[in-house]
Amino acid sequence: MIQVKVFDEQHEDDLTDSLNEFLAELDEKDVLSVQLATSHFSVIPEQLYSFSGMIVYRIKSAEAGNLNAGGDDDE
């Protein structure tokens with residue numbers, strides 16, 4: 001089964017930490033893709049940044065309940 005995990009952080013170091021923590025749970029051969037994106041917008045007087053990442057990975061059906069494959073736990 002193919003799954004995705006999406007991350008969104010306000011700081012690039014936080015995104016790095018989140019991605020690395022999740023990747024540590026996976027077997028290297030099961031990671032299919034890691035994608036990154038940044039966005040920037042202004043809400044006067046501030047500039048806001050969003051750093052996003054997505055991991056596409058393979059799991060065995062029995063493992064589907066072990067990994068958080070959807071949503072963000074913080075919300």
Side-chain angles (χ1 to χ4, degrees):
M1 177 187 294
I2 304 296
Q3 296 284 311
V4 298
K5 175 71 176 173
V6 177
F7 301 85
D8 184 56
E9 301 288 353
Q10 291 182 4
H11 193 277
E12 60 199 272
D13 289 338
D14 294 334
L15 178 61
T16 298
D17 292 343
S18 295
L19 291 170
N20 285 334
E21 286 175 24
F22 188 75
L23 287 168
E25 299 177 26
L26 300 174
D27 191 334
E28 219 174 282
K29 66 177 172 37
D30 293 330
V31 176
L32 304 176
S33 175
V34 177
Q35 300 177 26
L36 303 171
T38 59
S39 61
H40 164 262
F41 51 97
S42 180
V43 178
I44 298 178
E46 290 185 68
Q47 292 187 38
L48 303 174
Y49 294 87
S50 176
F51 298 89
S52 303
M54 181 175 72
I55 298 173
V56 181
Y57 62 100
R58 183 183 321 271
I59 61 171
K60 297 177 183 73
S61 295
E63 295 175 352
N66 294 340
L67 294 174
N68 178 14
D72 189 357
D73 291 337
D74 297 345
E75 297 183 287

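Below, each value reflects all heavy atoms present in this structure, side chains not excepted, and no hydrogens, waters or symmetry copies. These numbers were taken from a predicted model, which means no experiment stands behind them.
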Fill in: Any residue meeting side-chain hydrogen bond (donor to acceptor under 3.5 Å, both in side chains) with Ser52, in chain and number order, not counting sequence neighbours
Asp8
Worksheet entry | Plane angle bin for His40 and Tyr49 - parallel if under 30°, tilted between 30 and 60°, otherwise perpendicular | tilted
Worksheet entry | Contacts of Asp27 that satisfy salt bridge (Lys or Arg N to Asp or Glu O under 4.0 Å) - sequence neighbours left out | Lys29
Item to complete: Please name all residues satisfying side-chain hydrogen bond (donor to acceptor under 3.5 Å, both in side chains) with Ser33, sequence neighbours left out, ordered by chain then number.
Response: Gln35
Item to complete: Among Glu12, Gln10, His11, find the one that has a side chain to side chain contact (heavy atoms under 4.5 Å, CB included) with Asp14.
Response: His11
Discussion item. Once ring pair (Phe, Tyr, Trp, His ring centres under 6.0 Å) is applied, do any residues pair with Phe51, and if so which ones, sequence neighbours excluded?
Written reply: none
Practice prompt. Quick one: name the residues clustered hydrophobically with Leu48, using the 4.5 Å side-chain heavy-atom rule over I, L, V, M, F, W, Y, and just say none if it's on its own.
Written response: Phe41, Val43
Worksheet item: Taking all non-hydrogen atoms of both residues, which atom of Leu19 and which atom of Phe7 are closest, and how far apart?
Response: CD2-CD1, 3.4 Å
Item to complete: State the CG-OG1 distance between Leu36 and Thr16, to the nearest 0.5 angstrom.
Response: 8.0 Å
Item to complete: Measure the spacing between CE of Met1 and CD1 of Ile59 and express it to the nearest 0.5 Å.
Response: 5.5 Å
Discussion item. Run the side-chain contact (heavy atoms from CB on, under 4.5 Å) test against Ile2 and tell me which residues pass, sequence neighbours left out.
Written reply: Leu32, Val56, Arg58
